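Heads up, the thing below is written out as structure tokens.
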Amino acid sequence: MSHQSTEPPGIPSGPRILLISPRGPLYRHRTGIWKKSLRYAPLTLTTLASLVPPELGATVEIVDEGISDITPDTKADLVGISAITGTAPRSYELAAEFRRRGLPVVLGGVHPTLLPDEAARHADSVVTGYAEESWPELLRDFVKGRMKARYDQSPALTLSGLPFPRRELLSRKHFTVFHTIETTRGCIHHCEFCVVPTAWGKPLHKPVAEVVADIRQMGAKKLLFLDLNLISSFDYARELFTALIPLKVRWGGLSTTLIASDESLLDLAARSGCRGLLLGFESLRGDSLKETGKPFNLRREYREVVRKIHDRGIAIQGCFAFGFDHDDSGVFAETAEFAIEAGIDLPRFAVLTPFPATPLFRRLDGEGRILTTDWTLYDGQHVVFEPARMSVSELQLGIERAWKTAYSYRGVARRLLSSRVQLPLSFAANLGYRFYAHNLSRFYTCREALV
Ligand code: B12
Ligand code: SF4
């Protein structure tokens, strides 16, 4: 059960706040295919809970529909729902239900940030961008009976002096990695498909001393950084990795392939306890990398990137996308074979997804190539646009084939024998992804509708 609520002792009872992270089909409690071996604790709801001003004496309950169900009689005075694009329709469905019961609903998160006017049609208030200042302001307004229809991120927002996320509100038993943390936000790059520059813009950093204090207070020995690009600033990354060394933690995080361009930074990452990196390789084809605004990823370097990282005992989760305008039907086998030969510990394959408001969405929309705005299908595994050099079904089935090839028993064995780093952890995650790969097609219910 992950419904958790708390009321600070000795403080008179204030509003009951219910915070929800809605399910997506793949990530749904019980019927989804995102196994525990792949699951790490998100920070969204625990962060929002930590930002509730103490003087309000509020009760906070959090529900993550990826791991539990909402009970129909859940009581609250205010409901906050966090929406990413794939979960936006479910968010609107829940919002309608709560509003029918007379409960005010606030929508926030990346999707309402990208499409605030759409979100506003389903909520009493919409919060865009990061909510470290605006959410407490909204709550104070709410108790005074003057909640506004919209709150935007302040341009002056900084990430210093913030409370630690209230991780105690989540039950650890649901997650393989419970101790997650965030140090930076935003990214300096502008990849055409990425929501980060569109939604959040320039990078913000937490003071390293505060990151260290959080790690110490949670007593973490195994950590995952959720930052989308931990090395946006090499200087910050260097300061952070240096500060991690005395903590003797093992950690994983997301980076660009650029980390391999600076061996001293890579050495420092390894010395600070880095045991796994998620890298966006995206494509093996130079034309596609240019098309998508990721020129710093060049194929000729990939094997070298993999070797340098493996040499330091760091496992690689390598992400590839299919559906670029330069992709043809040969791309799936070529990419899966590369992942196997290069010994990528955990390859992941996504369909290029034009998330709303991104430059990619605007381009494809301008070319009349967006096939659906059913946001449920914007989950990185469904084709939602007209590909340039293959049919929708070729792309949809090609991605499934790539998953199955890379996660066949032979594929897993060849990859892990070639890599030989972090084997026990990597093996467990490979089994999780093998299950995912072999069950993906269960969710292709809309294939016929799109083809
Ligand atoms: C944990 C995580 C997951 C988890 C949980 C998802 C969830 N619902 O939160 C899992 C593993 C399930 C997941 C899956 C996917 N994810 Co994900 N995930 C993340 C990740 C790495 C961390 C989220 C987090 O904890 N952030 C830290 C918190 C503090 O930040 P935050 O969530 O943005 O919240 C702040 C504000 O946005 C705001 N806010 C957020 N919600 C609300 C609600 C209210 C009421 C208010 C007031 C404010 C507010 O306040 C917070 C404090 O400032 C983010 C990247 C990131 N670093 O944010 C991607 C991210 C959310 N995921 C993303 C994607 C694309 C996916 C997948 C499609 C990937 C895939 N191919 O499988 C799937 C789709 C899931 C689905 N459709 O069902 C994208 C979303 C893009 C989009 N437009 O939808 C992100 C942004 C990463 C990216 N590539 O850019 N993901
Ligand atoms: S490097 Fe990663 S986080 Fe940065 S814009 Fe590109 S895809 Fe997004």
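Because only heavy atoms are used, hydrogens play no part in the values below, and waters and symmetry mates are left out as well, while side chains stay in. This is a predicted model, so every value here is computed, not measured. Both ligands and their constituent atoms are indexed starting at 1 by order of listing.
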* Between Phe361 and Trp375, what is the ring plane arrangement, given parallel below 30°, perpendicular above 60°, and tilted in between? -> tilted

* Asked: Who's the nearest protein heavy-atom neighbour of atom 2 (Fe) of ligand 2, and how far?
  -> Lys294 NZ, 4.0 Å

* To do: Inspect the contact between Glu386 and Arg369 and indicate whether a charged nitrogen and a carboxylate oxygen are less than 4.0 angstrom apart.
  => no

* Please identify which atoms of ligand 1 are closer than 4.0 Å to at least one heavy atom of Glu132. => 52 (C), 53 (O)

* Asked: Is it the case that more than 12 heavy atoms not belonging to Phe427 sit under 6.0 Å from its CZ atom?
  -> no

* Neighbour count >12 (heavy atoms, 6.0 Å) for atom CG, Leu425 -> no

* To do: For ligand 1, note which part of Trp135 has a heavy atom under 4.0 Å away: side chain, backbone, both or neither.
  => side chain

* Asked: Does at least one non-hydrogen atom of Ala350 fall below 4.0 angstrom from an atom of ligand 1?
  -> no

* Structure fact -> atom 8 (Fe) of ligand 2 sits nearest the protein heavy atom Cys194 SG, 2.4 Å

* To do: Please confirm whether Glu282 comes under 4.0 Å of ligand 2, counting heavy atoms of the residue only.
  => no

* Asked: Got the closest protein heavy atom to atom 6 (Fe) of ligand 2, with its distance?
  -> Cys191 SG, 2.4 Å

* Proximity of Leu138 to ligand 1 by residue part, where a heavy atom lies under 4.0 Å -> neither

* Please determine if Glu61 and Lys75 form a salt bridge, counting it only when a charged side-chain N lies under 4.0 Å from a carboxylate O. => no

* Select the closest option to atom 16 (N) of ligand 1 among Thr85, Ile84, Val105, judged by heavy-atom distance. => Ile84

* Structure fact -> So for Thr44 against ligand 1, with non-hydrogen atoms under 4.0 Å, the contacting part is both

* Passes side-chain contact (heavy atoms from CB on, under 4.5 Å), Lys294 versus His189? Steps please. -> CA-CA 8 Å; Lys294 212 157 188 162; His189 302 294; over 6 Å; no

* Structure fact -> For atom 5 (S) of ligand 2, the closest protein heavy atom turns out to be His189 O, 3.5 Å

* With a cut-off of 4.0 Å, which atoms of ligand 1 are near a heavy atom of Val106? -> 45 (C)

* What do we get for Tyr40 next to ligand 1 when only non-hydrogen atoms under 4.0 Å count, side chain, backbone, both or neither? -> side chain

* **Leu226 contact mode with ligand 1 (heavy-atom cut-off under 4.0 Å)** => both

* Asked: Ring centres of Tyr378 and His111 under 6.0 Å apart?
  -> no

* To do: Considering non-hydrogen atoms only, spot the tightest contact between Asp374 and Thr372 and give its length.
  => N-OG1, 2.9 Å

* Asked: Taking Glu282 for the side chain and Leu289 for the main chain, is one N or O donor matched with an acceptor at less than 3.5 Å?
  -> no

* To do: Work out which heavy atom in Met147 is nearest to a heavy atom in Val106; give both atom names and the distance.
  => SD-CG2, 4.1 Å

* If we only count N/O pairs under 3.5 Å, is Thr87 in contact with ligand 1? -> no

* Is it the side chain (CB and beyond), the backbone, both or neither of His111 that lies under 4.0 Å from ligand 1, heavy atoms counted? -> neither

* Asked: Of the backbone atoms (N, CA, C, O) and the side-chain heavy atoms from C-beta on, which set of Ile188 has a member under 4.0 Å from an atom of ligand 2: side chain, backbone, both, or neither?
  -> neither

* Output the list of atoms in ligand 2 that are nearer than 4.0 Å to some heavy atom of Thr256, sorted by atom number. => 1 (S)

* **Residue Arg348 vicinity, atoms of ligand 1 by number, heavy atom under 4.0 Å** => 70 (C), 72 (O)

* Structure fact -> If we number the atoms of ligand 1 from 1 as shown, the ones under 4.0 Å from a heavy atom of Leu43 are 24 (C), 25 (O), 27 (C), 29 (C)

* **Numbered atoms and elements of ligand 1 in range of Gly129, under 4.0 angstrom, heavy atoms** => 36 (C), 37 (O), 38 (C)

* To do: Might you confirm whether atom CZ of Arg99 has over 12 heavy atoms from other residues, nucleotides or ligands at distances under 6.0 Å?
  => yes

* **The one among Leu228, Asn229, Val351 that brings a heavy atom closest to atom 87 (C) of ligand 1** => Leu228

* Asked: In terms of atom number and element, which parts of ligand 1 are under 4.0 angstrom from non-hydrogen atoms of Val195?
  -> 81 (C), 83 (N), 90 (O)

* Structure fact -> Interatomic distance, CG@Leu277 vs CH2@Trp251, rounded to 0.5 Å, equals 5.5 Å

* **Non-hydrogen atom of Trp200 closer than 4.0 Å to ligand 1** => yes

* Structure fact -> For Thr47, the atoms of ligand 1 under 4.0 Å from one of its heavy atoms are 29 (C)

* Say whether Arg185 and ligand 1 are in contact under the criterion: heavy-atom distance to a ligand atom below 4.0 Å. => yes

* Asked: Does the shortest distance from atom 6 (Fe) of ligand 2 to an N/O/S atom of His190 fall below 2.8 Å?
  -> no

* With heavy atoms only and a cut-off of under 4.0 Å, state how Cys187 meets ligand 2: side chain, backbone, both or neither. => side chain

* Search all heavy atoms of Ser232 against all heavy atoms of Cys187 and return the closest pair with its distance. => OG-CA, 3.4 Å

* For side chain to side chain donor-acceptor pair (under 3.5 Å), just list the numbers for Thr71 and Thr74, CA-CA rounded to whole Å, side-chain angles, deciding distance to a tenth of an Å, and then say yes or no. => CA-CA 6 Å; Thr71 43; Thr74 307; 2.9 Å; yes

* Taking the six-membered ring where the residue is Trp, are the ring centres of Trp403 and Tyr433 under 6.0 Å apart? -> yes

* **Selected option - heavy-atom contact closest to atom 50 (O) of ligand 1, from Cys319, Pro197, Pro112, Ala131** => Ala131

* To do: Step through the shown structure and confirm whether more than 12 heavy atoms of other residues, nucleotides or ligands are within 6.0 Å of NZ on Lys290.
  => no

* Determine the interplanar angle of the Phe281 and Phe338 rings, folded into 0 to 90°, and report it as parallel if under 30°, tilted if 30 to 60°, perpendicular if over 60°. => perpendicular

* Asked: Would you call Lys206-Asp227 a salt bridge at under 4.0 Å N-O?
  -> no

* Asked: Of the backbone atoms (N, CA, C, O) and the side-chain heavy atoms from C-beta on, which set of Thr113 has a member under 4.0 Å from an atom of ligand 1: side chain, backbone, both, or neither?
  -> neither

* Check ion pair Glu55-Arg140 (N to O, under 4.0 angstrom) -> yes

* Using a 4.0 Å heavy-atom threshold (strictly under), name the region of Leu114 that reaches ligand 1: side chain, backbone, both or neither. => side chain

* To do: Could you see which bit of Arg23 sits under 4.0 Å from ligand 1, with heavy atoms only: side chain, backbone, both or neither?
  => neither

* Which of the atoms in ligand 1, numbered in the order shown and given with their element, are less than 4.0 Å from a heavy-atom of Gly86? -> 77 (N)

